[in-house]
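See below for the structure under consideration.
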Amino acid sequence: MLKKDEPSSSQTQPSSSQIHFDICGIPDVELNSSLQSKGTEQQLECSKNGPRVQQLTSGMVLLKKFINLKNQVEIIKQCRELGLGSGGFYQPGYKNGAKLNLQMMCLGRNWDPETKRYGHIRSIDDATPPSIPVEFKHLVQKAIQTSRAFIKRTSNSIEDTFPKMSLKETSNPTKDELPKMSPDICIVNFYTTSGKLGLHQDKDESYESISKGLPVVSFSLGDSAVFLYGDKKEDNAKKVILESGDVLIFGGESRLIHHGVGNILHGTAPKLLVDETNLHPGRLNLTFRQY
Ligand code: SIN
Ligand code: MN
């Protein structure tokens, strides 16, 4: 098994007999009873305060600390197991030979950064991507429902305040600002503390999915990251910090928004999360999409 600080060329060219990148530093991660109770406490705290929701731009919603600690641990544990198995983590590259500064695995369907296409088998080792765990899909649905309810609530309150203007100028009742989505693809990225991802658009899903504005739903776990969005140039892009447990959704008018990942903020992962999972320093990100 690869140790956490032991990068090897085997990470970049896995074959079915090779072990993939381990996002955690220990062989077996068990959810112990002390965490079960802490997770429940955090969940209660969350429902007491209510999740913090921010609309960053039209169709782009940030749900702060939406995933409770217990579920964060479960997601890391499942990603670790999937990442070590067939179709697990590897360091992908582009057509020009440059490597992406992260480890990746795909669930549901494979996305090939060289061809920019989706497929059912990945060419580097002929592995079939593992399925998306059903618990992940439930959390995605919960996040979409929460975002849609927030948008509905806020647009209703604007209409109450400015009834004439909202009808004429601000809202189009036939347009769905953030449509529903059933994920059949999940791209899982692990960024070490030096990881980054340049500004890009997610535009390799089907024409139908993109033209309907079906959202991309992104889970952040572990160390925080500077997330860039809104422009293809880094200097002009807006910045928001994504912390462990945050969910970011971009669909509707923001479906093709430029976005990327700047610095990973070393040592910012919740201590309890690291204690329970032994997650390698860095950030785990899952983006769900519907093909
Ligand atoms: C991506 O754009 O595919 C990943 C974004 C992130 O890591 O937050
Ligand atoms: Mn993307």
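Both counts, for ligands and for their atoms, begin at 1 and track the order of listing.
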Just distance, no hydrogens or angles: give the donor-acceptor pairs under 3.5 Å from side chains in residues 254-264, sequence neighbours left out.
{"unit_1": "S254", "atom_1": "OG", "unit_2": "S58", "atom_2": "O", "d": "2.5"}
{"unit_1": "R255", "atom_1": "NE", "unit_2": "L214", "atom_2": "O", "d": "2.8"}
{"unit_1": "R255", "atom_1": "NH1", "unit_2": "D202", "atom_2": "O", "d": "2.7"}
{"unit_1": "R255", "atom_1": "NH2", "unit_2": "E205", "atom_2": "OE1", "d": "2.8"}
{"unit_1": "H259", "atom_1": "ND1", "unit_2": "H200", "atom_2": "O", "d": "3.4"}
{"unit_1": "H259", "atom_1": "ND1", "unit_2": "I257", "atom_2": "O", "d": "3.1"}
{"unit_1": "H259", "atom_1": "NE2", "unit_2": "H200", "atom_2": "NE2", "d": "3.1"}
{"unit_1": "H259", "atom_1": "NE2", "unit_2": "D202", "atom_2": "OD1", "d": "3.2"}
{"unit_1": "N263", "atom_1": "OD1", "unit_2": "K196", "atom_2": "NZ", "d": "2.5"}

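- Figure legend: cation-pi geometry between K212 and Y207 absent, as NZ or CZ is not positioned both under 6.0 Å from the six-membered ring centre and within 45° of its axis.
- Sorted by chain and number, the protein atoms of type N, O or S within less than 2.8 Å of the Mn ion (ligand 2) are H200 NE2, D202 OD1, H259 NE2.
- In summary, the atoms of ligand 1 found under 4.0 Å from a heavy atom of R289, numbered by their order in the structure, are 3 (O).
- A salt bridge links R80 to D22: at least one charged side-chain nitrogen sits closer than 4.0 Å to a carboxylate oxygen.
- Taking the centre and axis of the six-membered ring of Y291, the NZ or CZ atom of R109 falls inside the cone set by 45° and 6.0 Å.
- Numbered from 1 in the order shown, with element, the atoms of ligand 1 that lie under 4.0 Å from a heavy atom of N285 read 4 (C), 5 (C), 6 (C), 7 (O), 8 (O).
- Those atoms of ligand 1 with a heavy atom of Y191 less than 4.0 angstrom away are 4 (C), 5 (C), 6 (C), 7 (O).
- Taking the side chain as every heavy atom from C-beta outward, H120 and N110 never approach each other to under 4.5 Å.
- Contact annotation for L197 and ligand 1: only side-chain heavy atoms (C-beta onward) come within less than 4.0 Å of the ligand.
- Note on ring orientation: taking the six-membered ring where Trp is involved, the planes of H280 and F190 are perpendicular (angle over 60°, cut-offs 30° and 60°).
- Residue-ligand proximity, R283 to ligand 1, at heavy-atom distances under 4.0 Å covers atoms 6 (C), 7 (O), 8 (O).
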Query raised in the report: Is there a side chain to side chain donor-acceptor pair (under 3.5 Å) between E243 and S220 once you walk through the steps?
Result: CA-CA 6 Å; E243 299 171 287; S220 292; over 6 Å; no
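- For Y229 and F250, the ring centers sit 6.0 Å or farther from each other.
- Interface atoms of ligand 1 facing H259, defined by a heavy-atom separation under 4.0 Å, are 2 (O).
- Close approach of ligand 1 to F227 (heavy-atom distance below 4.0 Å) involves ligand atoms 8 (O).
- N285 is listed as a side-chain neighbour of S218, based on a closest heavy-atom distance under 4.5 Å.
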